[in-house]
Amino acid sequence: MRRDSPPAPLARFSQGVFQIGGHSGDTVCMATITYQGLEVLYTHQQIADRVAEMGAQITRDMNGEKLVMVGVLKGAAIFLADLARAVQVDTTFDFVAVSSYGKGQRSSGAVKLIKDLDEPIEGKNVLIVEDILDTGLTLAYLRKIFLQHHPRTLRIATLLDKPSRRIEKIDADYVGFSIPNLFVIGYGMDYAERYRNLPEICLMSADHPE
Ligand code: IMP
Ligand code: MG
C-alpha cells in the first residue's frame, strides 16, 4: 500500500535548526545514535520501506517496458542496488561519475563528467539514480548531456531532495525524502569519502569530530 507522503524522520537536529515531521507541541522522539556517535535521520527500515514504495511506483510507471538505471557514482551506488531490487522491470545498469563536493561540505560549483556511460542510451527508457538533489547543478548537467543522446524517456530518482538549496530549476520524478538544508551522510553518502557504509542516513553536524 503506497502512502501519500514518506514517513517523518526519526530524529530532530539537536541544535534546534531541524524539527520536521511533527506538529508543534508534539513529543519529539529520542534521537537514535550510531556507534560513531552520529544522530540518525532515517533508519535502515525507514529507508527500506520508502525504497520499496519507490520501486513499486517505478514498476507501475514502466508499464512492462525495459529500463536502464544510470547510477551517479559513488553516492548513489547503495541506493541503486536497493532500488533496482525493488523494481519488477527488465533492467540494466550503467554508471556515470561527476566531479563532486571534494573533501568538505561545500560544492565547488563546477560539474565535470569523470566517467561516461558505457552503453548507448538512444531510444531507451533511462532512469538517473542519484543520492541527493541539492543545488541541482549535477542533475541539470547530466540531464542536458543525456538528452543529447535521444533516450526514449528520461526520468530522475533521488533518495533525498533539498529543495531549499536549488540553484538550477530541476525536479526529480521520484523522491525518497525531502529534507531541509542539512548535511547528511550514510547509505552511500559521504563526508570526505567516509561514512558511505552506514546503513542509516545520519546528520553530519558541524561540530562532529573528524
Ligand atoms: P548538486 O549538484 O548540488 O545537486 O549536488 C549533488 C551532489 O552533492 C550529490 O550527489 C551528493 O554527492 C553531494 N551532496 C549534496 N548534499 C550532500 C549531503 O548532505 N551529504 C553528502 N553529499 C551531498
Ligand atoms: Mg551524488
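In each ligand, atom 1 is the first atom listed, and ligand 1 is the first ligand listed.
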Pairs flagged by side chain to side chain donor-acceptor pair (under 3.5 Å) wherever residues 80-92 is involved - sequence neighbours left out: Asp82-Arg85, Asp82-Tyr187
Distance in Å, Ile121 CD1 paired with His149 NE2, rounded so as to fall on 0.5 Å steps: 5.5 Å
Pairwise distance CG(Leu38) to CG(Leu198) - rounded to 0.5 angstrom: 6.5 Å
For ligand 1, is Asp190 a contact, meaning one of its heavy atoms is under 4.0 Å away? yes
The atoms of ligand 1 lying under 4.0 Å from a heavy atom of Asp134, numbered in the order shown, are 1 (P), 3 (O), 4 (O), 5 (O), 15 (C), 16 (N)
Sorted by chain and number, sequence neighbours left out, side chain to side chain donor-acceptor pair (under 3.5 Å) with Lys66 holds for none
Would Thr153 and Asn125 count as having a side-chain donor-acceptor pair, cut-off 3.5 Å? yes
What part of [X], side chain from CB on, backbone N/CA/C/O, both or neither, has a heavy atom under 4.0 Å from ligand 1?
X      : answer
Val184 : both
Lys162 : side chain
Leu182 : backbone

Answer yes when Arg152 and Glu65 have at least one side-chain N-carboxylate O distance shorter than 4.0 Å, and no when they do not. yes
[X], any N or O under 3.5 Å of ligand 1 N or O:
X      : answer
Glu130 : yes
Phe183 : no
Gly136 : yes

